[in-house]
Trainee: 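Below is one structure. I have some questions about it.
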Amino acid sequence: MLRQQDVGHRIVVRRIVGIREGRPLFSDALGELVELSETHLTLATAQGRLRVPVAEVHRAKRVPPARRPTAAAVVELELAADEAWPAAVRGRLGDWRLRAADGWTGRANSALPVGDPDRPLPAALDAVERWYADLGRPPMVNTPLPLAAPVGAELDARGWVGRPPVLVQTVPLAGLPPAAPEPAGAPPVELTAEPSDDWLAVAAGRKGGLPDAARHVLTAVDQVRFAHVYADGTLLAIGRGTVTGQGRWLGLSLVEVLPEARRQGLAGRIIRALADWGAATGASRAFLQVEQHKTPAVTLYRALGFTTHHTYLTRTPPP
């Protein structure tokens, strides 16, 4: 049966749709799982959204994507994402990227093993461990899948463990739904080139603090905008957008709505405002990264047209 980890992935569901001569009649549905609860599951199919009661499900399982991205496409997107989230301390191991930022976020504190490390794989991972040891930091490795499957296999042999899987999702900017009419009196989305103190405070609450290196990660991008939504002087929602990858990719991150302001469409409005800005700079596609178990966020992004391009695991040494 399906689990929350399957949200955001392609699945096939065989459900019972009736009874004939004492035997059940079945119907199959194929699509991306966008919501899973104790009572229902919801798929995004080629014919539209389909909500199926769990009681009607005879069998359900994850299936491979309809079309896997090429290795070159995964590398392109991973490098654009690396550029959009720049670590304060960086190194190279052949083509591999080594990154550190005072431990702030896994993305900025892990090796990115794409390309050729200029040495055998075991020696490359030994060098990664030494690089982080010299900084006094624990080593971590981000493994985009299936591209970095050989790296993952070597880490498995070393007993390394994995954090929750992360979905790297994309959408053509032209494919985003048009902005809905704003209700009268709705607070505007403001885009600035620098984050306000209020913005940084919300980000710190989400990420467990903001060391000095965090400001570098957030701001050291040539094209970056910070979204703010205020009401009566109180910051209700934030977001961050970058344009990287030779101007092609709009990266979305830190879209956060305070609890008291949720379910008002603010996250969607922030994404739309950043998408308009990105398109104006020449970007043609958007990407974001979301842990696959965060069902509300995955559901929101699926409703906006995002689909999973590939996944990655952040790997850490055994405890």
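Scope of the values below: all heavy atoms of this structure, side chains included, with no hydrogens, waters or symmetry mates.
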Trainee: With a 4.5 Å heavy-atom cut-off, do Leu304 and Val171 have their side chains touching?
Mentor: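 With C-beta onward as the side chain, the pair stays apart.
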
Trainee: Donor-acceptor check, side chain of Arg158 to backbone of Pro122, threshold 3.5 angstrom: yes or no?
Mentor: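 Between the backbone of Pro122 and the side chain of Arg158 there is a qualifying donor-acceptor contact (under 3.5 Å).
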
Trainee: With sequence neighbours excluded, tell me which residues meet salt bridge (charged side-chain N to carboxylate O under 4.0 Å, His left out) with Glu291.
Mentor: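 By the salt bridge (charged side-chain N to carboxylate O under 4.0 Å, His left out) rule, Glu291 matches no residue at all.
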
Trainee: Is Val63 isolated, or which residues cluster with it under the ILVMFWY side-chain rule of less than 4.5 Å, directly or via members?
Mentor: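 Val12, Leu30, which link up through side-chain heavy atoms under 4.5 Å apart, make up the rest of the cluster.
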
Trainee: I'd like to know if the side chain of Arg23 reaches the main chain of Glu21, judged simply by a donor and an acceptor atom lying under 3.5 Å from each other, with no hydrogens or angles considered.
Mentor: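 Absent.
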
Trainee: Arg262: what forms a salt bridge (charged side-chain N to carboxylate O under 4.0 Å, His left out) with it, not counting sequence neighbours?
Mentor: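 Partners of Arg262 by the salt bridge (charged side-chain N to carboxylate O under 4.0 Å, His left out) criterion, ordered by chain and then number, come out as Glu256.
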
Trainee: I'd like to know if Leu145 and Leu288 are part of one continuous hydrophobic network [Ile/Leu/Val/Met/Phe/Trp/Tyr, side-chain heavy atoms within less than 4.5 Å].
Mentor: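 They do not share one cluster, since no chain of ILVMFWY contacts under 4.5 Å joins Leu288 to Leu145.
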
Trainee: With clusters defined by side-chain heavy atoms of hydrophobic residues (ILVMFWY) lying less than 4.5 Å apart, directly or transitively, does Met140 cluster with Val161?
Mentor: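 No.
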
Trainee: So do the side chains of Asp198 and His228 get within less than 4.5 Å of each other, counting heavy atoms only?
Mentor: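 Not in contact.
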
Trainee: Which pair of heavy atoms, one from Ala267 and one from Leu300, lies closest together, and at what distance?
Mentor: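 So the two residues come closest at CB-CD2, 3.7 Å.
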
Trainee: Answer yes when Asp276 and Arg272 have at least one side-chain N-carboxylate O distance shorter than 4.0 Å, and no when they do not.
Mentor: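 Looking at Arg272 together with Asp276, the answer is yes, because their closest N to O distance falls below 4.0 Å.
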
Trainee: Is it true that Val141 and Leu121 fall in one hydrophobic cluster, defined by side-chain heavy atoms closer than 4.5 Å?
Mentor: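 Linked within one cluster.
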
Trainee: Which ILVMFWY residues are connected to Leu235, directly or by a chain of links, through side-chain heavy atoms under 4.5 Å apart?
Mentor: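 Members alongside Leu235: Trp85, Trp104, Trp199, Leu200, Val202, Leu210, Val217, Leu218, Val221, Val224, Phe226, Tyr230, Ile238, Leu254, Leu258.
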
Trainee: Do any pairs count as a ring-ring contact (aromatic ring centres under 6.0 Å, His included) and have a residue in residues 20-57, sequence neighbours left out, and if so which ones?
Mentor: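 Those involving residues 20-57 are Phe26-His58.
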
Trainee: State which residues pass side-chain contact (heavy atoms from CB on, under 4.5 Å) with Thr281; sequence neighbours excluded, sorted by chain then number.
Mentor: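 Thr281 satisfies side-chain contact (heavy atoms from CB on, under 4.5 Å) with Gln223, Val243, Trp277, Ala283 once adjacent residues are dropped.
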
Trainee: Clusters formed by hydrophobic residues whose side-chain heavy atoms approach within less than 4.5 Å: which one holds Val166, and what are its other members?
Mentor: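 Noted: Val166 shares its cluster with Leu77, Val168, Trp249, Phe287, Tyr312.
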
Trainee: So, do Leu313 and Pro165 sit near enough that their side-chain heavy atoms are less than 4.5 Å apart?
Mentor: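 A side-chain contact exists here, since the closest heavy-atom pair is under 4.5 Å.
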
Trainee: Run the salt-bridge test on Glu194 and Arg215 with the 4.0 Å N-O cut-off and return the result as yes or no.
Mentor: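 Arg215 and Glu194: salt-bridged.
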
Trainee: My understanding is that a hydrophobic cluster links ILVMFWY residues whose side chain heavy atoms are under 4.5 Å apart, including indirect links. Using that, what else belongs to the cluster containing Val17?
Mentor: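 Result for Val17 is Leu25.
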
Trainee: Can you name the residues that form a side-chain hydrogen bond (donor to acceptor under 3.5 Å, both in side chains) with Thr316, not counting sequence neighbours?
Mentor: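 Not a single residue meets the side-chain hydrogen bond (donor to acceptor under 3.5 Å, both in side chains) criterion with Thr316.
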
Trainee: Could you pull out the closest heavy-atom pair between Leu250 and Gly241, with the gap in Å?
Mentor: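 Scanning both residues, the minimum pair turns out to be CD1-CA, 4.3 Å.
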
Trainee: Decide yes or no for Leu112 and Pro144: does some side-chain heavy atom of the first lie under 4.5 Å from some side-chain heavy atom of the second?
Mentor: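 Heavy-atom side-chain distance check passes, below 4.5 Å.
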
Trainee: Considering residues at least two apart in sequence or located in another chain, which fulfil the side-chain hydrogen bond (donor to acceptor under 3.5 Å, both in side chains) criterion with Arg92?
Mentor: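 Arg92 satisfies side-chain hydrogen bond (donor to acceptor under 3.5 Å, both in side chains) with no other residue.
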
Trainee: If you group Ile, Leu, Val, Met, Phe, Trp and Tyr by side-chain heavy-atom gaps below 4.5 Å, do Val151 and Val75 land in one group?
Mentor: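 No, Val151 does not connect to Val75 through the hydrophobic network.
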
Trainee: Indicate the atoms forming the closest heavy-atom contact of Leu43 with Gly31, along with that distance.
Mentor: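 Result for this residue pair: CD2-N, 3.8 Å.
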
Trainee: If you count heavy atoms of other groups shown closer than 6.0 angstrom to CZ of Arg206, is the number above 12?
Mentor: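 Correct, the count exceeds 12.
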
Trainee: Can you tell me which residue pairs pass the ring-ring contact (aromatic ring centres under 6.0 Å, His included) test with a partner in residues 130-160, sequence neighbours excluded?
Mentor: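 Qualifying pairs, neighbours excluded: none.
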
Trainee: Is the number of heavy atoms from other residues, nucleotides or ligands within 6.0 Å of CG (Asp222) greater than 12?
Mentor: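 No, because the 6.0 Å sphere around CG of Asp222 holds 12 heavy atoms or fewer from other groups.
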
Trainee: Which side-chain N or O atoms in residues 93-102 pair as donor and acceptor under 3.5 Å with protein atoms at least two apart or in another chain?
Mentor:
residue	atom	partner	partner atom	Å
Asp95	OD2	Asp116	N	2.9
Trp96	NE1	Gly115	O	3.3
Arg97	NH1	Asp95	O	2.9
Arg99	NE	Arg107	O	3.2
Arg99	NE	Ser110	O	2.8
Arg99	NH1	Asp82	OD1	3.0
Arg99	NH2	Arg107	O	3.1
Arg99	NH2	Ser110	O	3.4
Arg99	NH2	Ser110	OG	3.1

Trainee: Establish whether Leu266 and Val298 are linked, either directly or via other cluster members, by ILVMFWY side-chain heavy-atom contacts under 4.5 Å.
Mentor: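 Yes, one cluster joins them.
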
Trainee: Any ion pair linking Glu76 and Arg285 (charged N to carboxylate O, less than 4.0 Å)?
Mentor: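 Here Arg285 does not pair with Glu76 in a salt bridge, since their nearest N and O are not under 4.0 Å apart.
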
Trainee: As a quick check of understanding, evaluate side chain to side chain contact (heavy atoms under 4.5 Å, CB included) for Gln264 and Arg269, giving each step before the final call.
Mentor: CA-CA 10 Å; Gln264 299 178 26; Arg269 290 178 54 211; over 6 Å; no

Trainee: Tell me whether the count of non-hydrogen atoms from other residues, nucleotides or ligands lying under 6.0 Å of CD in Gln246 goes above 12.
Mentor: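 Not buried by this count: 12 neighbours or fewer within 6.0 Å.
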
Trainee: Surrounding CG of Asp197 (heavy atoms of other residues, nucleotides or ligands, distance under 6.0 Å), is the total greater than 12?
Mentor: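 Counting neighbours around CG of Asp197, 12 or fewer heavy atoms of other residues, nucleotides or ligands fall under 6.0 Å, so no.
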
Trainee: Keeping the roles fixed (side chain from Glu83, backbone from Gly245), state whether a donor-acceptor pair exists under 3.5 Å.
Mentor: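 Looks like yes, one N/O pair under 3.5 Å.
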
